[in-house]
Amino acid sequence: MAHDTVEKTPVTLLGLGAMGTALGRAWLAAGHPLTVWNRTPARAAAICAEAARAAESAAEAVAANTLVVVCLLDDASVEEVLAGTDLAGRDLVNLTTSTPAQARVRAGWARERGARYLDGGIMAVPPMIGVPDAGGYVFYSGSRELFERHRETLGVPAGTTYVGRDAGFAALHDVALLSAMYGMFAGAAHAFALIRREDIDPASLAPLLADWLVAMAPAVHQTADQLRSGDYAKGVVSNLAMQVAGTPTFLRTAEEQGVSPELLSPYFALMRRRLAEGSGEEDLTGVIDLLVR
Ligand code: FVH
């Protein structure tokens, strides 16, 4: 078949943790020659049995191919591993989770060493890698040219979403989405706590909870629209005054059920502060401005 005869971009991969290994396997399965290195060499054995080539050192792995992908624990380990390598002329793609500021510094650091740089934020867990229907994708930011040059190769393990030349934007999008996820998990934890001592099967609450969260999720579009226009009362359905008036019911229910309000209280406090500023006719959007210092 024609696609089997097309030469695939060789990839160097530094880091064979759970995520690195999943990425490597996806490139191997798609026919990309793969050179790997991991601090603990034993972790490379399995993937090398699947045709990856193990380099003796990070420097040797970096020297092997132009495209160098890094997927290590954190930014400090990236610096440590790349310190002894020659990055001149390399296309460095860093899929290690970092902060936006760390990503920007790492981009400058890589440029000073003669490398082109692309940062990535992985929106997937290892079992989603290499599974096109799983919905996983990676945010990329930094060099647009680099992204375009390797778009096809980068698209092998998961979908790709380029979010801008600012190298910090991939990390920022990654952390923004994951922060919202933790907020959702916090809400779900409170909901389960409320029924914990009752004769209610958590498995019967779960689908109701999931459907409700899905039904409410599109509200973020209205929030974005209000933020863009600056009109926080635009299209408001349930205004802040009404919602603040309802908060004692939530807090009393928590007390009645013997549940700590510590997950809800900080958000309610922000709602009350915004109301005190005279924003009762607005949506909840004004809370965002209270958060931004
Ligand atoms: N796994 C996940 O669910 C998440 C999904 C979203 C993205 N994250 C990020 O991906 C990066 C790698 O995560 P991982 O799952 O592969 O993590 P581990 O299995 O813990 O492997 C860590 C690798 O990093 C190596 N390493 C750690 N410290 C050093 C160091 N000082 N010098 C050299 N290498 C280092 C470690 O090597 P070893 O312990 O096997 O010797 C592993 O290769 C991460 O940023 C997640 O936030 C994953």
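Remember, it's 1-based here, ligands and their atoms both numbered in the order they're listed.
Environment of CD in Glu148: crowded, with over 12 heavy atoms of neighbouring residues, nucleotides or ligands closer than 6.0 Å. More than 12 heavy atoms of other residues, nucleotides or ligands shown are found within 6.0 angstrom of CZ on Arg149. Atom CZ of Phe250 has 12 or fewer neighbouring heavy atoms from other residues, nucleotides or ligands inside a 6.0 Å radius.
Ligand 1 has at least one atom lying under 4.0 Å from a heavy atom of Ala124.
Listed by number with element, the atoms of ligand 1 under 4.0 Å from a non-hydrogen atom of Gly20 are 16 (O). In the vicinity of Pro126, heavy-atom distances shorter than 4.0 Å reach the ligand 1 atoms 1 (N), 2 (C), 3 (O). Residue Val125 has at least one heavy-atom neighbour below 4.0 Å for each of these atoms of ligand 1: 3 (O). For ligand 1 and Met19, the ligand atoms under 4.0 Å from any heavy atom of the residue are 5 (C), 13 (O), 14 (P), 15 (O), 16 (O). Close contacts of ligand 1 with Cys71, meaning ligand atoms under 4.0 Å from a residue heavy atom, involve 10 (O), 11 (C), 12 (C). Listed by number with element, the atoms of ligand 1 under 4.0 Å from a non-hydrogen atom of Glu80 are 31 (N), 32 (N). The ligand atoms of ligand 1 that sit less than 4.0 angstrom from a heavy atom of Ile122 are 6 (C), 7 (C). Using a 4.0 Å cut-off to heavy atoms of Leu16, the atoms of ligand 1 that qualify are 43 (O).
A cation-pi contact, defined as under 6.0 Å to the ring centre and within 45° of the axis, links Arg144 to Tyr162.
Annotation: atom 21 (O) of ligand 1 to nearest protein heavy atom, Gly17 CA, 3.3 Å. What sits closest to atom 37 (O) of ligand 1 on the protein, heavy atoms only, is Asn38 OD1, 3.6 Å. Nearest protein heavy-atom neighbour of atom 19 (O) of ligand 1: Ala18 N, 2.9 Å.
In this structure, Gln257 and Arg196 have side chains that are not in contact, with every pair of non-hydrogen atoms separated by 4.5 Å or more. At least one side-chain heavy atom of Ile200 sits under 4.5 Å from a side-chain heavy atom of Ser204.
Checked by distance only, ligand 1 and Val81 stay at 3.5 Å or farther apart across all their nitrogen or oxygen atoms.
Under the 4.5 Å side-chain heavy-atom criterion for Ile, Leu, Val, Met, Phe, Trp and Tyr, Phe139 and Val220 are members of distinct hydrophobic clusters.
Here the shortest heavy-atom distance to atom 42 (C) of ligand 1, taken over Arg43, Met128, Arg39, belongs to Arg43. For atom 41 (O) of ligand 1, the choice among Thr40, Leu72, Thr97 with the nearest heavy atom turns out to be Thr40. The heavy atom nearest to atom 22 (C) of ligand 1, out of those in Thr96, Leu73, Val36, is found in Leu73.
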*asked:* Determine whether Ile47 and Leu34 satisfy the following criterion, side-chain contact (heavy atoms from CB on, under 4.5 Å), listing intermediate values before the conclusion.
replied: CA-CA 10 Å; Ile47 200 164; Leu34 184 69; 4.0 Å; yes
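Among residues at least two apart or in separate chains, salt bridge (charged side-chain N to carboxylate O under 4.0 Å, His left out) pairs with a member in residues 273-284 are Arg274-Glu277, Arg274-Glu282.
Partner of Val70 under the side chain to side chain contact (heavy atoms under 4.5 Å, CB included) criterion, chosen from Val62, Leu95, Leu92: Leu92.
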